[in-house]
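Computed from a predicted model, the values in this text were never measured in an experiment. All residue numbers in this chain count up from 1 along the given sequence.
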Amino acid sequence: MSFNHLARQVRDPALPHGHRVARLRSCVQLYRPIGFRATLSLLGAKAGPYATDERALLRALAVLEGSREAWHGELRAFDRTRRLAKARGARQPRRAERNPYRDRWWSGAPREGALHALAFLCERGGIPAAGDDPVAADLLRCVSACLASGGALAPEERLLPADCVRSLVERRNSGREDDWTARLRTLDLLRAARHVEVATAHA
């Protein structure tokens with residue numbers, strides 16, 4: 001089913017409330033910019049107890065739709081920019097260019113979404129411990145500072161998120177991690193590092 005079809009069912013007062021909540025979760029399956037569980041958590045934080053309250057359910061849907069609409073606006077703007085760049089001979093986007101097709105954030109309120117995702121991951125143990133991994137240690141220091149300051153980092157820390165992303169992408173692409181647990185750990189760290197990047201970029 002399409003997002004819009006599911007959203008209409010969320011709004012349908014003739015359907016049982018539990019059915020409508022399930023349809024909201026299906027909407028989140030289709031649009032989950034900060035991950036499925038973190039997106040649901042943010043909707044609950046912004047809208048209230050949507051699983052039991054009719055008005056909170058409608059608020060949650062409105063919040064999700066607002067972010068999705070902002071994302072579509074970002075896609076259109078990116079497409080316009082790419083058309084102009086291609087006309088000048090730049091056939092491929094630069095790797096550093098923010099690409100809403102490739103990179104995901106909470107459109108409309110990226111810093112708020114990133115900070116919520118980081119807090120959610122910390123509460124659920126979704127960021128692996130550093131152990132003897134210096135990249136993970138740097139990242140965890142950034143996460144703590146980011147959450148404590150609402151996204152700002154001290155001058156000496158501002159380059160760390162990009163350095164962490166670069167190192168983790170290289171690790172992911174190297175093919176050296178033949179242990180599935182190690183690969184998952186790298187992906188978890190990379191997800192957190194990208195949230196830190198978004199939070200600090202919009203602080």
Side-chain angles (χ1 to χ4, degrees), residues 1-12 17-75 77-78 98-128 139-140 142-153 161 164-165 168 184 187-203:
M1 290 187 209
S2 71
F3 182 98
N4 289 334
H5 179 76
L6 291 165
R8 283 194 294 273
Q9 292 193 340
V10 176
R11 288 193 177 89
D12 187 350
H17 188 82
H19 183 93
R20 296 164 68 190
V21 171
R23 289 299 181 258
L24 176 67
R25 292 173 64 88
S26 296
C27 286
V28 174
Q29 285 283 7
L30 296 176
Y31 179 69
R32 50 185 191 277
I34 58 174
F36 178 73
R37 291 184 301 158
T39 296
L40 287 173
S41 172
L42 181 55
L43 293 181
K46 292 181 72 66
Y50 60 81
T52 56
D53 183 83
E54 160 85 15
R55 287 175 296 182
L57 177 64
L58 296 177
R59 286 195 299 270
L61 178 62
V63 169
L64 187 67
E65 287 180 318
S67 177
R68 184 172 176 268
E69 184 177 332
W71 176 55
H72 283 161
E74 291 168 355
L75 294 176
F78 181 80
R98 282 172 56 89
N99 183 340
Y101 287 101
R102 179 192 68 216
D103 307 315
R104 301 303 293 270
W105 49 81
W106 188 269
S107 296
R111 182 173 61 87
E112 179 184 8
L115 290 172
H116 186 91
L118 287 171
F120 179 84
L121 290 173
C122 287
E123 289 167 8
R124 299 300 197 285
I127 304 178
L139 175 59
L140 290 172
C142 288
V143 169
S144 296
C146 193
L147 289 174
S149 67
L153 291 179
C164 289
V165 168
L168 291 165
L184 288 178
L187 292 176
D188 287 341
L189 290 168
L190 183 56
R191 181 182 306 115
R194 292 198 186 281
H195 287 317
V196 172
E197 273 196 319
V198 171
T200 56
H202 293 86

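When side chains are defined from C-beta on, Met1 counts as touching Arg23, because their heavy atoms get closer than 4.5 Å. Asp188 places none of its side-chain heavy atoms less than 4.5 Å from the side chain of Ile127. For the pair Gln9 and Arg20, the minimum side-chain heavy-atom distance is 4.5 Å or more. Side-chain contact check for Trp106 versus Arg111: every heavy-atom pair is 4.5 Å or farther apart. Counting only heavy atoms from C-beta outward, the side chains of Leu64 and Phe3 approach each other to under 4.5 Å.
Listed by chain and residue number, Arg68, Leu75, Arg76 satisfy the side chain to side chain contact (heavy atoms under 4.5 Å, CB included) test with His72 (two or more places apart in sequence, or in another chain). Under the salt bridge (charged side-chain N to carboxylate O under 4.0 Å, His left out) criterion, Glu112 pairs with Lys46, not counting sequence neighbours. Annotation: side chain to side chain contact (heavy atoms under 4.5 Å, CB included) contacts of Arg124 (sequence neighbours excluded): Phe120. The side chain to side chain contact (heavy atoms under 4.5 Å, CB included) test applied to Ala114 returns His195, Val198, Ala199, not counting sequence neighbours. Residues satisfying the side-chain hydrogen bond (donor to acceptor under 3.5 Å, both in side chains) test with Arg11, not counting sequence neighbours, are Glu65. Remark: Tyr31 pairs with Trp71 by the ring-ring contact (aromatic ring centres under 6.0 Å, His included) rule, at least two apart or across chains.
Ser67 places no side-chain N or O within 3.5 Å of a backbone atom of Val63 that could act as its donor or acceptor partner. Panel note: side chain Arg104, backbone Arg32; no donor-acceptor pair is recorded below 3.5 Å. Judged purely by atom type and a 3.5 angstrom limit, Ser41 has no side-chain atom pairing as donor or acceptor with the backbone of Arg37.
Taking all atoms of both residues into account, the shortest heavy-atom contact from Ser26 to Leu6 is CB-CD1, 3.8 Å. The heavy-atom pair separating Leu140 from Pro128 by the smallest distance is CD1-O, 3.8 Å. Nearest heavy atoms, Val165 versus Ala193: CG2-CB, 3.7 Å. The shortest non-hydrogen separation linking Val143 to Cys122 is CG1-SG, 3.7 Å. Scanning all heavy atoms of the two residues, the minimum distance from Pro161 to Val196 falls at CG-CG1, 3.6 Å. Contact record, Gly151 with Leu115: N-CD2, 4.0 Å, taken as the closest heavy-atom pair.
Counting non-hydrogen atoms of neighbouring residues, nucleotides and ligands closer than 6.0 angstrom, the CD atom of Glu69 reaches no more than 12 such neighbours.
If you take OG1 on Thr52 and CG on Leu57, they are separated by 10.0 Å, rounding to the nearest 0.5 Å. One finds the CG atom of Leu118 at 10.5 Å from the SG atom of Cys142 (value rounded to the nearest 0.5 Å). In this structure, NE2 in His116 is found 9.5 Å from CG in Leu121, a value given to the nearest 0.5 Å. With rounding to the nearest 0.5 angstrom, the CZ atom of Arg59 is 6.0 Å from the CG atom of Asp53. In this structure, CZ on Arg55 lies 10.0 Å from CG on Leu58, to the nearest 0.5 angstrom. Atom SG of Cys27 and atom CG of Leu40 lie 10.5 Å apart (nearest 0.5 Å).
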For a side chain to side chain contact (heavy atoms under 4.5 Å, CB included) check, start with the C-alpha distance between Leu24 and Leu61, then their side-chain angles and the critical distance, and finish with the verdict. CA-CA 7 Å; Leu24 176 67; Leu61 178 62; 4.2 Å; yes

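A side-chain donor-acceptor contact under 3.5 Å links Glu74 and Trp105.
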